[in-house]
Trainee: 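Take this structure first; my questions come after.
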Amino acid sequence: MDSMDCKSYNLRYLLSICGIAALGGLLFGYDTAVISGAVNPISRYFELTSFETGWAVSNVAIGCIVGALSSGWLAGKLGRKKALILSALLFTISAIGAAVAMSFSSFIVYRLIGGIAVGIASSVSPMYMSEVSPKNIRGRAVGMQNFAIVFGQVVIFFGNFMIAKGAATEWIDTVGWRIMIGSEVIPCLLFCLVVFMIPESPRWLVMKGQSLKAKRILSKIGGSQYATHELAAIEKSLTSQNRTVQQQTQTSQLLKEKRFWWIAIIASMIAVFQQASGVNIMMYFAPVLLEGVTGDAETALFMTIWIGVIQLIGTGIGAFLMDKVGRVPLLRMGALGCILGLLTTSYFLYGSGSMDAASATLYGYLTLAGMLIFMVFFSFSWALGAWIIISEIFPNRMRSFGMSIAITFMWVSNFLISLIFPILNENTYLIEHFHGAAPMWLFAGIMAIAYWFIGRYLPETKGVPLEQMEQNVISKVEQRPLQTRLTTR
């Protein structure tokens with residue numbers, strides 16, 4: 001079966017169900033990026049302090065943490081499909097509620113609901129896609145999730161610009177930001193309509209004793225021979241570690257396993273590095289940074305569109321390379337490229353403090369160039385690779401709970417960075433001495449650590465069957481000095 005190529009699978013069917021699941025990613029990108037164009041108008045409308053502005057952006061991450069923590073239980077108890085249906089409904093409630101909110105507190109509540117939806121979708125969508133996809137095209141299939149995330153971001157970046165183009169500041173501050181937030185209802189309703197069309201995950205069905213249903217779905221993906229082989233592999237992986245226990249996976253049991261903790265720590269660190277790379281600043285606060293350099297909000301929003309476009313292009317490149325080059329080489333290359341982009345951005349931010357008004361637009365585009373360097377390297381490596389690794393590094397019996405932990409760490413780091421950045425960005429001392437460059441230096445240092453961590457602890461997961469992933473990770477760890485502290489279980 002390892003010799004099967006892409007032509008042996010029903011790619012049309014596989015890509016259609018993965019594409020529908022990836023709409024959760026599109027809403028993820030749309031929901032998290034919509035605030036980038038609305039943050040300044042919202043801040044003025046509700047008369048927010050710098051801390052409250054950070055809270056307006058970062059509160060979504062609190063909901064994401066709740067959603068990610070509950071996603072493992074939801075996906076395990078209800079199934080992957082029903083968990084996605086729930087996230088679609090929550091996205092819709094959030095978009096409508098936040099758009100019509102008349103107080104800052106009610107705005108926060110509805111954004112938190114949207115965060116819960118993001119947390120669920122960010123875990124369950126790639127989980128579902130990794131479980132329905134054959135191993136030799138898993139990277140490309142799961143890559144649809146990240147492509148959808150970025151596409152959602154590009155759509156709302158362009159939408160924000162078009163809403164603000166030529167509009168008076170007073171209108172944007174009272175009405176415009178509501179249209180930006182409320183526009184999410186359109187993709188929300190689309191997701192609600194089509195998510196019912198996808199089948200349940202075959203691996204979840206097997207764990208629930210529904211092997212016949214699982215075999216029918218696997219047959220539709222790759223034919224009867226593929227279905228027989230995959231079903232046997234899944235059942236063997238479950239049976240070999242006590243099938244009864246795995247059908248009723250107990251969190252308390254996993255918490256006692258050092259194997260689980262090694263895998264969870266590696267996945268969680270990959271998640272944290274992805275967020276701490278500085279990408280949140282590029283996606284959430286790019287208009288704020290660029291407006292500070294250019295002095296013009298409309299120009300800043302226009303420049304922000306290119307960050308999304310470059311990320312979309314880079315994501316397409318990454319989807320092509322991930323199953324050819326491998327996860328580890330791309331992540332290490334991406335870390336070095338992110339460092340280059342961050343240092344370039346910091347150089348021109350630092351230099352903007354001594355420029356005259358005539359040079360403002362030039363320095364804005366030079367700062368944007370640094371951001372684009374960062375974004376192209378990030379998008380073909382970390383943007384895609386982190387999600388793929390998190391979705392495939394856990395064996396079947398650990399996946400629901402393990403992914404919920406890793407993605408929870410992702411959203412905790414997202415929350416902290418989004419909350420703290422506006423405070424750092426508006427700090428009088430840092431502005432006076434570094435002109436916004438200091439946070440970029442911090443993120444560059446973090447990516448240097450990420451480069452080292454990947455080489456030392458992350459095994460290559462390309463082409464490794466999900467049923468063999470556990471031993472793949474442990475074998476990598478046992479090659480290091482830390483093996484003396486490792487007991488298998």
Trainee: Quick check: does any side chain N or O of Asn414 sit under 3.5 Å from a backbone N or O of Ala61, one acting as donor and the other as acceptor?
Mentor: no
Trainee: Please verify the inter-ring angle class for Trp382 with Phe273; under 30° counts as parallel, over 60° as perpendicular, anything in between as tilted.
Mentor: perpendicular
Trainee: Do Phe394 and Ile405 come within less than 4.5 Å of each other through their side chains, counting heavy atoms only?
Mentor: no
Trainee: Evaluate the side-chain proximity of Pro134 to Leu14: yes if any heavy-atom separation is below 4.5 Å, no if none is.
Mentor: yes
Trainee: Please report the closest heavy-atom contact between Arg44 and Thr169, naming both atoms and the distance.
Mentor: NH2-CG2, 4.0 Å
Trainee: Mind checking what makes ring pair (Phe, Tyr, Trp, His ring centres under 6.0 Å) contact with Tyr13, not counting sequence neighbours?
Mentor: none
Trainee: Tell me which donor-acceptor pairs under 3.5 Å the side chains of residues 187-195 have, and how far apart each pair is, sequence neighbours excluded?
Mentor:
none

Trainee: Is it true that a side-chain atom of Asn59 and a backbone atom of Trp55 form a donor plus acceptor pair closer than 3.5 Å?
Mentor: yes
Trainee: When you measure from the side chain of Gln311 to the backbone N and O of Gly308, does any donor-acceptor pair fall under 3.5 Å?
Mentor: no
Trainee: Taking atom types as modelled and ignoring hydrogens, do the side chains of Ser130 and Glu392 form a donor-acceptor contact shorter than 3.5 angstrom?
Mentor: no
Trainee: Applying ring pair (Phe, Tyr, Trp, His ring centres under 6.0 Å), can you list everything that pairs with Trp387, at least two apart in sequence or on another chain?
Mentor: Phe28
Trainee: On a heavy-atom basis, which atom in Ala68 and which in Thr408 lie closest, and how many Å separate them?
Mentor: CB-OG1, 3.5 Å
Trainee: For residues 82-94, tabulate all N or O donor-acceptor pairs below 3.5 Å that involve a side-chain atom, not counting sequence neighbours.
Mentor:
{"residue": "Ser87", "atom": "OG", "partner": "Leu84", "partner atom": "O", "Å": "2.7"}
{"residue": "Thr92", "atom": "OG1", "partner": "Ala88", "partner atom": "O", "Å": "3.0"}
{"residue": "Ser94", "atom": "OG", "partner": "Tyr110", "partner atom": "O", "Å": "2.7"}
{"residue": "Ser94", "atom": "OG", "partner": "Gly114", "partner atom": "N", "Å": "3.3"}

Trainee: Decide if atom CZ of Phe158 counts as having more than 12 heavy atoms of other residues, nucleotides or ligands within a radius under 6.0 Å.
Mentor: no
Trainee: Does Leu442, at its CG atom, have more than 12 non-hydrogen atoms belonging to other residues, nucleotides or ligands within less than 6.0 Å?
Mentor: yes
Trainee: Quick check against the 3.5 Å criterion: does Trp411 have a side-chain atom that pairs as donor or acceptor with the backbone of Ile62?
Mentor: no
Trainee: Using only atom types and a distance under 3.5 Å, with no angle test, would you say the side chain of Arg111 pairs donor to acceptor with the backbone of Asp31?
Mentor: yes
Trainee: I want to check something: taking the side chain as every heavy atom from C-beta on, are Met410 and Gln274 in contact at a cut-off of under 4.5 Å?
Mentor: yes
Trainee: Between atom CD1 of Ile96 and atom CD of Glu184, what is the distance when rounded to the nearest 0.5 Å?
Mentor: 10.5 Å
Trainee: Identify, with sequence neighbours excluded, every residue that meets ring pair (Phe, Tyr, Trp, His ring centres under 6.0 Å) alongside Phe107.
Mentor: Trp177
Trainee: Looking at Phe151 versus Tyr30, is the centre-to-centre ring distance below 6.0 Å?
Mentor: no
Trainee: Go through the steps to decide whether Leu330 and Leu384 satisfy the test side chain to side chain contact (heavy atoms under 4.5 Å, CB included), and finish with yes or no.
Mentor: CA-CA 10 Å; Leu330 282 183; Leu384 177 59; over 6 Å; no
Trainee: Would you check, one step at a time, whether the test side chain to side chain donor-acceptor pair (under 3.5 Å) holds for Arg178 with Tyr45?
Mentor: CA-CA 11 Å; Arg178 296 184 185 278; Tyr45 181 83; 3.1 Å; yes
Trainee: Do Met440 and Leu343 have side-chain heavy atoms sitting under 4.5 Å apart?
Mentor: no
Trainee: Are the side chain of Ser43 and the backbone N or O of Val39 linked by a donor-acceptor pair below 3.5 Å?
Mentor: no
Trainee: Between the side chain of Arg327 and the main-chain N/O of Met322, is any donor-acceptor distance below 3.5 Å?
Mentor: yes
Trainee: Do Ser122 side-chain atoms and Gly119 backbone N/O form a donor-acceptor pair below 3.5 Å?
Mentor: yes
Trainee: The test is side chain to side chain contact (heavy atoms under 4.5 Å, CB included); show your working for Met375 and Val279 and say whether it passes.
Mentor: CA-CA 8 Å; Met375 195 54 69; Val279 67; 4.3 Å; yes
Trainee: Just say parallel, tilted or perpendicular for the rings of Phe302 and Phe161, cut-offs at 30° and 60°.
Mentor: tilted
Trainee: With the threshold set at 4.0 Å, does a side-chain nitrogen-carboxylate oxygen contact exist between Glu131 and Arg80?
Mentor: yes
Trainee: Taking only residues two or more places apart in sequence or in another chain, which ones pass ring pair (Phe, Tyr, Trp, His ring centres under 6.0 Å) with Phe378?
Mentor: Phe374
Trainee: Which is it for Ser71 and Ser404 under the side chain to side chain donor-acceptor pair (under 3.5 Å) test, yes or no, and what are the steps along the way?
Mentor: CA-CA 6 Å; Ser71 65; Ser404 69; 5.0 Å; no
Trainee: About how many Å separate CD1 of Ile270 and CG of Leu458, when rounded to the nearest 0.5 Å?
Mentor: 5.0 Å
Trainee: Determine whether Tyr128 and Trp204 make a side-chain contact, defined as any pair of heavy atoms from C-beta on separated by less than 4.5 Å.
Mentor: no
Trainee: Donor-acceptor check, side chain of Ser123 to backbone of Ile120, threshold 3.5 angstrom: yes or no?
Mentor: no
Trainee: Drop me the distance from Trp306's CH2 to Leu312's CG, to the nearest 0.5 angstrom.
Mentor: 12.0 Å
Trainee: Can any side-chain N or O of Lys81 pair as donor or acceptor with the backbone N or O of Ser201 at less than 3.5 Å?
Mentor: no
Trainee: Could you tell me which non-hydrogen atom of Ile172 sits nearest to which non-hydrogen atom of Ala167, and how far apart they are?
Mentor: CG1-CB, 3.9 Å
Trainee: For a quick test of reading the model, state the closest non-hydrogen atom pair linking Leu331 to Ala386 and the distance between them.
Mentor: CD2-N, 4.4 Å
